[in-house]
Chemist: 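Quick one: the structure is below, questions incoming.
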Amino acid sequence: MKLGILINEGPYQHQASDTALQYVKAAIKKGHEIYRVFFYNDGVNNATKLSSPPQDDRNITKEWSMLAKDHGIDLVVCVAAAQRRGILDKDEAKRNGKDADNLEEGFRISGLGQLVEAGIQSDRLITFGD
Amino acid sequence: MSEQAIIKKFMYVNRKSPYGTIYALESLEVVLITAAFDQDVSLVFTDDGVYQLMKNQNTEGIGMKNFSATYSALGDYEVKKVYIDKESLEERGLSLSDLQELVWEDEDEDYAEKSLINLVSRSELSEIMNNQDVVLSF
């Protein structure tokens, strides 16, 4: 089955992203295709490479990044939600006149149309959030 | 480009009051984008979500942008189905007259203004929800 994933909550504060990670890993193992993972609302905070959790804890951002690298998963962060919350790639930082960027490798910033497209193209769109 | 022609039923379920969290505002942003993709969009207002459509909202005291006027653009985006959960309104001592009117203009009937709003019971709502392809809840 072709699956679209929507994550609406930030890491650590809420379990949504952890559960989504485990869900995506299990789905891949079962041979399903992950069409796209879309990060919206506070979910965009999953994409900051500045996240530095204690060493004995999981690093959710890195786990997503590794999953994207190992399985070629498309991780998309909503541009409008990201700008509000200070998640910027190099281009967005430049466009907004900021001297730093913080988007983790494996994520890309794009528009909400990417979420709509995931809803259209996937057999199921599954939301993780409140 | 046959894939472009796929039209799915997208339902947006709005459950939160307009200003305590950002869900209402960011839900409205996805709704308008989805409509721009020519999908079959419907909105549900349930639980505290019914407050999103209250008339005469004034956010001056909380320093936040009053975005309630944006809902009136739904009709222009060809969104024609807005479902209000009757029980949620009643539980909060509200009626349809407390909510802003939402209309679309029917080109086939000399641009007659028609209401988008449907007052439905929870059991009707669950049936409508069952018939959707994609349900997004905010």
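Labels below follow one simple rule: chain letters A, B, ... track the order of the sequence lines, proteins then strands, and each chain is numbered from 1.
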Chemist: Of all the heavy-atom pairs spanning A:Asp130 and B:Lys16, show the shortest one and how long it is.
Modeler: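 Here A:Asp130 and B:Lys16 meet closest at CB-NZ, 4.2 Å.
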Chemist: Under 4.5 Å between side-chain heavy atoms, hopping through other hydrophobics if needed: is there a path connecting A:Leu75 to A:Val44?
Modeler: yes
Chemist: Going only through I, L, V, M, F, W and Y residues with side-chain contacts under 4.5 Å, is there a path from A:Phe39 to A:Leu67?
Modeler: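 Yes, one cluster joins them.
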Chemist: Grouping I, L, V, M, F, W and Y whenever their side-chain heavy atoms are under 4.5 Å apart, do A:Tyr35 and B:Val135 come out in a common cluster?
Modeler: no
Chemist: Any chance you could measure B:Ile22, atom CD1, to A:Asp42, atom CG, to the nearest 0.5 Å?
Modeler: 7.5 Å
Chemist: Which atom pair, heavy atoms only, marks the closest approach of B:Lys8 to A:Gly119?
Modeler: NZ-O, 3.1 Å
Chemist: Name the region of B:Val134, side chain, backbone, both or neither, that has any atom closer than 4.5 Å to a heavy atom of chain A.
Modeler: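 For B:Val134, the side chain is the part near chain A, not the backbone.
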Chemist: On a heavy-atom basis, which atom in A:Val116 and which in B:Phe10 lie closest, and how many Å separate them?
Modeler: O-CZ, 3.6 Å
Chemist: Decide if atom CD of B:Glu127 counts as having more than 12 heavy atoms of other residues, nucleotides or ligands within a radius under 6.0 Å.
Modeler: no
Chemist: Apply side chain to side chain contact (heavy atoms under 4.5 Å, CB included) to A:Asn8 and B:Glu26, showing your working.
Modeler: CA-CA 11 Å; A:Asn8 286 340; B:Glu26 290 194 332; over 6 Å; no
Chemist: Near A:Glu33 CD, under 6.0 Å, is it more than 12 heavy atoms from other residues, nucleotides or ligands?
Modeler: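 Counting other residues, nucleotides and ligands, CD of A:Glu33 exceeds 12 neighbours.
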Chemist: How close do A:Leu6 and B:Leu136 get, counting heavy atoms only, and between which atoms?
Modeler: CD2-CD2, 3.4 Å
Chemist: Membership question, hydrophobic clusters at under 4.5 Å side-chain separation (ILVMFWY): are A:Phe128 and B:Val13 in the same one?
Modeler: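 They do not share one cluster, since no chain of ILVMFWY contacts under 4.5 Å joins B:Val13 to A:Phe128.
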Chemist: Given the rule that I, L, V, M, F, W and Y join up when any side-chain heavy atoms are under 4.5 Å apart, are B:Val41 and B:Ile6 in one cluster?
Modeler: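 Shared cluster, yes.
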Chemist: Sort A:Arg124 into side chain, backbone, both or neither according to what part of it lies under 4.5 angstrom from a heavy atom of chain B.
Modeler: neither
Chemist: Heavy-atom cut-off 4.5 Å, strictly under: side chain, backbone, both or neither for A:Leu125 against chain B?
Modeler: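 Answer is side chain: those atoms of A:Leu125 sit under 4.5 Å from chain B.
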